[in-house]
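Scroll down for the structure; my scribbles are underneath it.
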Amino acid sequence: MQKTNFTDFPKNYDYKSAEKKIAEYWESNNIYKFKNENKECSDDNSSGDFSHIFSIDTPPPYVSSAHLHVGHAMSYSQAEFIIRYKRMKGFNIFYPMGFDDNGLPTERYVEKKYKINKSKITRDEFIDLCLKETKIGISTYKELWQALGISVDWSLTYSTIDAKCRKTSQKSFIELYGKKLVERRDEPIIWCPSCRTSLAQADIAIEEFDGILFDIEFSSSSGEKLIISTTRPELLGACVAIYANPSDSRYSHLKDELIRIPIYEHTVPVKFDESVEMNYGTGLMMVCTWGDAEDVKKWKEHKLDTAIIIEPSGRLNEKARAYAGLNVKDAKKNIVEDLKKISLIKNEKKLRHNVGIHDRCSTAVEFVQTPQWFITILNNKAQFIDAGSKINWYPAFMKTRYDEWVQNIKWDWNISRQRFYGVPFPVWYCSKCGEPVIAEEDELPVDPAASKPKHVSICRVCGNNEFIPENDVMDTWMTSSLTPFINSNWANFDFDSHVNSSDNTNRKNKEIKIMPMTLRPQAQEIIRTWLFYTVVKSIYHTGDIPFKNVMISGWGLDKSGKKMSKSLGNFVAPEEIIEKYSADALRYWAAKANLGQDLRFSEEDVANGRRLLIKLWNAVRFFITNINSIKSNEDFKPIFGTASLDKLNSADLSVVDGWLLSEFQKTLKACEEYFESYEYSSALRIVSDFFYNIYCDNYLEIVKNIFWEEDASFNDRKVQSLNTMYYVSFNMLKLFAPFLPFITEELYLSFYKNFETEESIHQCVWPVYRHELINESAAKDVAVLLAVLDLSRKLRTNLNLHQNHKVKKIYVYSPDAQLMEIVRNFSTDIMSACRAEDIIISEKADFGAGGDSKIYISFES
RNA sequence: GGGCGGAUAGCUCAGCCGGUUAGAGCAUCGGCUUUACAAGCCGGGGGUCGCAGGUUCGAACCCUGCUCCGCCUACCA
């Protein structure tokens, strides 16, 4: 089906209709489908190739798409550049999209959107709203990613609330319980008074606040006045000890004394600990039930009394007496006033101090004590650090963040959340003695609130036959930390009994052998959560790392350099940019920053992307429409198609063609090296430079006038050039394809596919570097031609001649005989490039680049 | 407090395992429209490479210290 009449090739690239059409083409032709070994091969000729799998542990974004902006488009595009490259390198790509919809982010989003909170609505109603928003979110995401050209296999989609994920998550819990890596403990935990749930350390951000350090007068049992500094006078009622440094001679005599607490009048012991800074305040420190992590630490180490004064609601309880019922802030205000009345506040000092806040709602967290499930972390830090160093980090410096985080963790991972929308614990408790009953794998996924234990009918401890469900849900990271397990169907989820998707072609009940996965792309702010927790799970379940490579993207910034965020309002909507400039142009912008670097949004850069598209279109159109410039010569047949062009040899071509092939090889090699090291930005730059400077500005300029020549004697030269252009333009489009998937596909489908076999340029094989095409002598010679061309352009500017004005004669001269020889050999090219009807070697040429010019030209018009 | 990243033309950035007059795009100025592209082409101007030292024949690049910006991390109550 070799078709050669391309004169009607469209003059303009209509990206709006083309991108839509192509996205549909990809979808309906399964271009990005993972070739699963279990799949019947009837729908295409692909068989499963498990030796070359490149699997991606895609970040499951939380599903409320209301926060999406071009920064997200940026980071997903950046990962996708690498993925498209790997696909063309021949890898069988496993690229799923997941949605992390269970958990607090979605709950908070629903609370805000419907102006409700979890105490004003039933659990079921709440979950229904969350599921509804989840559904909307997924479809919005999908629409945007498809418009952006993100090449995921949508049949691999999962949602962290679906049955498969619930089963995976619960199986993980059960297995860790069996390995004694998860246990229930009743101890102080970090608590968000606003979300009314316990949290893990990773959910806490530390923020600087302006506070006041109060110097409060206490008295010892022997009547001595003692000044103690604290930022939290509202916790006086919860004070359980006073601490001093053991080597602080000022206080050693207090060893056996009791200290009387102002207002509350109870007494507490004096304790000594190295950690107390003698120079801070008066060197005395008040320890309460639990004002901060330090209090918890001392409480644990020194087995202090417990005097809980803050309730989960964030209000003080009856222990606070006059301040009962007040929230922390009001209680502080009132107690300070009261202390002032009795003159016990001796000094106030403004203080910048760090307070832990819940990173989902910015509320200052407190400590409360209730039973929670914990995954052991602290005992195995060394293993996690070790795992981190077995992963390849791109960029490498991001690993520091992981190491520092792991080293600094202070708490085991609390996975209990007193919320509604999440994966339930597969756990019941004996209604009499509280002994937990853990579900078994064959009853998963299970909702303990809706069913009874399958394998246990009487409590093994007390013989009771009644069980109550665990009402907490698991931390959302408990599930998202399992993405490699979800992707590989580690839980052997049976899709046949849970049909919840119209497309199950890739969903087999068997486990897929893709662990450790090849690549984890993600954002830097979730190193301590998603990345760390995934490592934890993988080490615990498999003893191995969860993925071999991780790439960490930077942030999308607004024009002024601030991190873009929907809630701050400084965002740009990707849909609008795509509409205005095309998805390829947006992706072009996303490729401007190398991995890990922040990138400012710049509409100008997106516009530059669109310029590149237009120029690409026209450059290729020039080639295509000139195929017909070859006149009726019967024996002439241009050779097209990768198979035949691989034999292309510079010996059969003009020097200029040979030079172009040579330059392309260099570009290809560099481009490939950049891709291999995840430096996609440099990869795009080098291809663009080649396209603009070498292909358009020089090669096409030299060659284009040859195509106006009607004389049949130019046929050979035209054929050489056409073949060269086929090879170079097609392969160049392949290098552009990871960045600009739409226009490269459109050009492929409308032209190259006539001579090629693949359904899509994205399935075409990446160009193979051919060292034998490197031609340094052509490069040296063409440099002379380019010098003449450069002079011609400058001279035209000097003479106010337009670049296409045809001159009668061009005179060229050089005192260097070798140069003149090269000039003679290039006379056709010089005439073409310089728009001259004739070329004369003559000393009449007097225009040089100045200084030590070796070559001169002049015109005669 | 500790650490990481960045500071190069008006703007956004490349160059940084030392080596001829430091590059690109945008912006700016001048010129150019019949024959791929005016969402274009050609040409020009514009930088003592954050500051201060040091190593070297030679530093944007290596070393030391400092300043500013961003981020991560941290128990000074």
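Numbered from 1 within each chain, the chains take letters A, B, ... in sequence-line order.
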Would you check if there is a donor-acceptor pair between the side chains of A:Tyr695 and A:Ser729 at a distance under 3.5 Å?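 A:Ser729 vs A:Tyr695: no donor-acceptor pair found between side chains.
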Can you figure out which of [options] approaches the side chain of [X] most closely?
{"X": "A:Arg611", "options": "B:C71, B:A39, B:A77", "result": "B:A39"}
{"X": "A:Lys615", "options": "B:A77, B:G2, B:C37", "result": "B:C37"}
{"X": "A:Thr231", "options": "B:C4, B:G70, B:A77", "result": "B:A77"}
{"X": "A:Glu404", "options": "B:C37, B:G3, B:A77", "result": "B:G3"}
{"X": "A:Tyr280", "options": "B:A74, B:C76, B:A39", "result": "B:C76"}
{"X": "A:Asn354", "options": "B:U73, B:A74, B:G3", "result": "B:A74"}
{"X": "A:Glu294", "options": "B:G43, B:A77, B:C75", "result": "B:C75"}

Using the C1' atom on both, measure B:A77 against B:C4 and round to a whole Å.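 That atom pair is separated by 29 Å.
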Would you measure the distance from the P atom in B:A59 across to the matching atom in B:G19 and give it in whole Å?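 That atom pair is separated by 11 Å.
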Less than 4.0 angstrom between a side-chain N/O of [X] and OP1 or OP2 of [N], yes or no?
{"X": "A:Gln524", "N": "B:G70", "answer": "no"}
{"X": "A:Lys11", "N": "B:C37", "answer": "yes"}
{"X": "A:Arg600", "N": "B:U12", "answer": "yes"}

Could you tell me whether the side chain of A:Arg685 has a donor or acceptor atom within less than 3.5 Å of a complementary atom in the base of B:A14?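 For A:Arg685, whose side chain was compared with the base of B:A14, there is no donor-acceptor pair (under 3.5 Å).
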Counting distance alone, no hydrogens or angles: does the base of B:U35 have a donor or acceptor under 3.5 Å from a partner atom on the side chain of A:Arg835?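 A donor-acceptor contact between them is present.
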Salt bridge or not between A:Arg685 and A:Asp689? Use side-chain N to carboxylate O under 4.0 Å.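 Answer for the salt bridge query: no.
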Testing A:Phe751, A:Phe622, A:Trp617 one by one against A:Phe9 for a ring-ring contact (aromatic ring centres under 6.0 Å, His included), which residue passes?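 Among the candidates, only A:Trp617 passes.
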Charged tip of A:Arg796 within 45° of A:Phe859 ring normal and under 6.0 Å: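 Flagged: A:Arg796 positioned over aromatic ring of A:Phe859.
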Nearest-Å distance, CZ (A:Arg401) to P (B:G2)?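 Value for this atom pair: 18 Å.
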